[in-house]
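As structure tokens, the structure follows; a few thoughts come after it.
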Protein chains: 2
Amino acid sequence: MNFFEEVGKVAIGSRLRILTDKVTEDAAQIYKLYHIDMQPKWFPVFYALVREKEKTITKLARDIGHSHPSVSKIISEMLKKGYVKESKDKADGRRNVVSLSKKGVEISKEIKDQIIDVNAAIEEISAQAQHKLWEAIGEWEFLLEQKTLLRRVIEKKKERDSLKVEIVDYLPEYQEIFRSLNVEWISTYFTMEESDYKALDDPQGYILDKGGFILVALYEGEPLGVCALIKMNDEEYDFELAKMAVSPKAQGKNVGFLLANAIVEKARSLGASKIYLESNTILKPAINLYHKLGFKKVAGKPTPYARCNIQMELAVK
Amino acid sequence: MNFFEEVGKVAIGSRLRILTDKVTEDAAQIYKLYHIDMQPKWFPVFYALVREKEKTITKLARDIGHSHPSVSKIISEMLKKGYVKESKDKADGRRNVVSLSKKGVEISKEIKDQIIDVNAAIEEISAQAQHKLWEAIGEWEFLLEQKTLLRRVIEKKKERDSLKVEIVDYLPEYQEIFRSLNVEWISTYFTMEESDYKALDDPQGYILDKGGFILVALYEGEPLGVCALIKMNDEEYDFELAKMAVSPKAQGKNVGFLLANAIVEKARSLGASKIYLESNTILKPAINLYHKLGFKKVAGKPTPYARCNIQMELAVK
DNA sequence: TATATTTGTGTAACTGATTACGTAATCTAT
DNA sequence: ATAGATTACGTAATCAGTTACACAAATATA
């Protein structure tokens, strides 16, 4: 199967692990070569203490990129060997302040030659390589710090899913789905009201014929999202964004955003200057979405819906 | 302050580990995002089986860079999930041939989108980075394959140690060390013989006055190695290399090589054409050293030493 | 000032890998 | 033909890290 050949970079984690093992596997023998009685895993802690005399457990953990229990364990092992000493911080009784013992300081002198040689060996490898591993790692650390791999993957998924979503105009055949998707969320969080039934049972009469619009989102051809633009008789607002519903099946596929965006575009193309909407703060994803589209909170409009506790508007022009 | 920049490149192992963790940590959640019931650690095995339908445990282990018990365990877990099936190789009863089950093949189709997105995310990171991690890993794998880190470190150590070693001519003050270093190894492996005492107790009379030479290796000023060049009354050989001894304290510091090399140089500068030596095959490091210097095994010379079971020569000109 | 939250640390349990070792099948060199 | 070496692979023990949890000390807040 050729497919997997092309996308081989997913294996980068695996590859990194193998390289890490290869670089690390000789460590124990290198210490032996210099007659230094130290476990490789102690080194980062040891070195951190050479450079800064006193540190607490958590400070050490942060500096060397381990969890604190790991450092705690390493310190207790080094303590047994007599390489470090502990003392309680007088100002803060929780802190365990660790520093090198006299024996530890001695070792730190002995280990210098080893560090010089290992460094030289690694520099030699670097010099023989065209691509700089050290710098590459630095860049990756930075880039992953800024945005984790998970977030990047989520974005890529959204991009790809967006291509599968098609926004189309309402047709009579979509009445059933327009009704059911809306009934689903309304009755989950609230109860259906009189004005809901009017609009859902007869979108043609109550929305379209009055100058409104309905858009439907198709995901791979299947209608999974709907949204209406209702003509308002108001001096300030041209349309109300309402009856927006997306199937749970399409969650996380960016359908909501694409649908709402298309509705706003529709309003703009119709020459509208301001859109209005009503919602409820318990519908957090919806509120976030409106926010992302640029809707701002307003107050003061009378509403026929009991469930409404937030009103928003968007200047389209 | 960035710990790693200051520590120097010895920390590359630690840094690689942390990067590996960062790249790997999101894996479980990524699978969840795509509703795929698979453990991240299964992936390399799974992927290997998609690419090549049938594999044995050890082949899998080699391909993905794990130990075989690790693969064995992963396969037994995947077996429980029904993603793979096992069968004994008919031609070779030891072999456990593993392949994807029907369910496994289905999963491999579902996982395609995920792989595409993860790959795109990694490509995005690569594109944002100036230095190419993927290529750098490849080069490091190759370079470490050719020569392990341990071997490189050993070389660097030797280079550095060589600078600390100084080869000087014999002085009467070195008689004590010339004697003691030789007594030490001879009595460890064999027993002292009459001719040993003669030469060691009076090097001036038995070696130097007869036209021979002695060189002493100083390590940081301390005499830790000795070697003699004894004038021979022989039509074939000019000198015998003998009474070579290096303190255990100086082991692994390249002292032996530098000393023997200097002795050969000395013989050459004196116009010698062939050097002779006698030794015993249980002294493996010594034999290796002579070999490295170019000595070849010969036979047939009568020897006053009981301990001698190998004779070697080197053409100096 | 009392209470809730945060922080620092240690212990316990878990995890994903390893090495060590035993057994059985196969290969190889007399 | 067969003893000894090698290979395939499973189980057990170990290892270096993790997360989960408990508890005390310090800090923030009502």
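Side-chain atoms of B/Ser101 come within 3.5 Å of backbone N or O of B/Tyr83 as a donor-acceptor pair. B/Asp161 places no side-chain N or O within 3.5 Å of a backbone atom of B/Lys253 that could act as its donor or acceptor partner. Judged purely by atom type and a 3.5 angstrom limit, B/Arg307 has no side-chain atom pairing as donor or acceptor with the backbone of B/Asn280. A donor-acceptor pair under 3.5 Å links the side-chain atoms of B/Glu139 to the main chain of A/His131, judged by distance alone.
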**OP:** Can you check each nucleotide of nucleotides 11-22 of chain D against protein heavy atoms at under 4.0 Å and return B for base, S for sugar-phosphate only, - for none, in 5' to 3' order?
**Re:** B----SBBBB--
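Between the CG atom of B/Leu60 and the C1' atom of D/dC9 there is a distance of 12 Å, given to the nearest Å. When the C1' atom of C/dT18 is taken as reference, atom CD1 of B/Ile64 falls 13 Å away, rounded to whole Å. A/Ile75 has its CD1 atom 16 Å from the P atom of C/dG8, to the nearest Å. B/Lys90 has its NZ atom 14 Å from the P atom of C/dT26, to the nearest Å. Taking atom CD1 of B/Ile57 as the reference point, atom P of C/dA25 lies 17 Å away to the nearest angstrom.
Judged as a salt bridge (charged side-chain N to carboxylate O under 4.0 Å, His left out), and not counting sequence neighbours, B/Lys32 has no contacts. Under the salt bridge (charged side-chain N to carboxylate O under 4.0 Å, His left out) criterion, A/Lys103 pairs with no residue, sequence neighbours left out. A search for ring-ring contact (aromatic ring centres under 6.0 Å, His included) contacts involving B/Tyr290 returns B/Phe295, not counting sequence neighbours.
Note on B/Ser76: nothing from the nucleic acid sits closer than 4.0 angstrom, heavy atoms only. Residue-level contact check: A/Ala61 touches neither bases nor backbone, having no heavy atom under 4.0 Å from any strand. Residue-level contact check: A/Ala28 touches neither bases nor backbone, having no heavy atom under 4.0 Å from any strand.
To the nearest 0.5 Å, atoms CD1 (A/Ile154) and CG (A/Asn254) are separated by 11.5 Å.
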Using a cutoff of under 3.5 Å, can you pull out all pairs of nitrogen or oxygen atoms linking the protein to nucleotides 1-7 of chain D, with atom names and distances?
from  : atom 1 : to      : atom 2 : distance (Å)
D/dT7 : O2     : B/Arg94 : NH1    : 2.7

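For C/dG8, the OP1/OP2 oxygens have no side-chain nitrogen or oxygen of A/Asn96 closer than 4.0 Å. Distances shown here put a side-chain N or O of A/Thr58 below 4.0 Å from the OP1 or OP2 atom of C/dT9.
Annotation: salt bridge (charged side-chain N to carboxylate O under 4.0 Å, His left out) contacts involving residues 79-89 of chain A, sequence neighbours excluded, comprise A/Asp37-A/Lys81.
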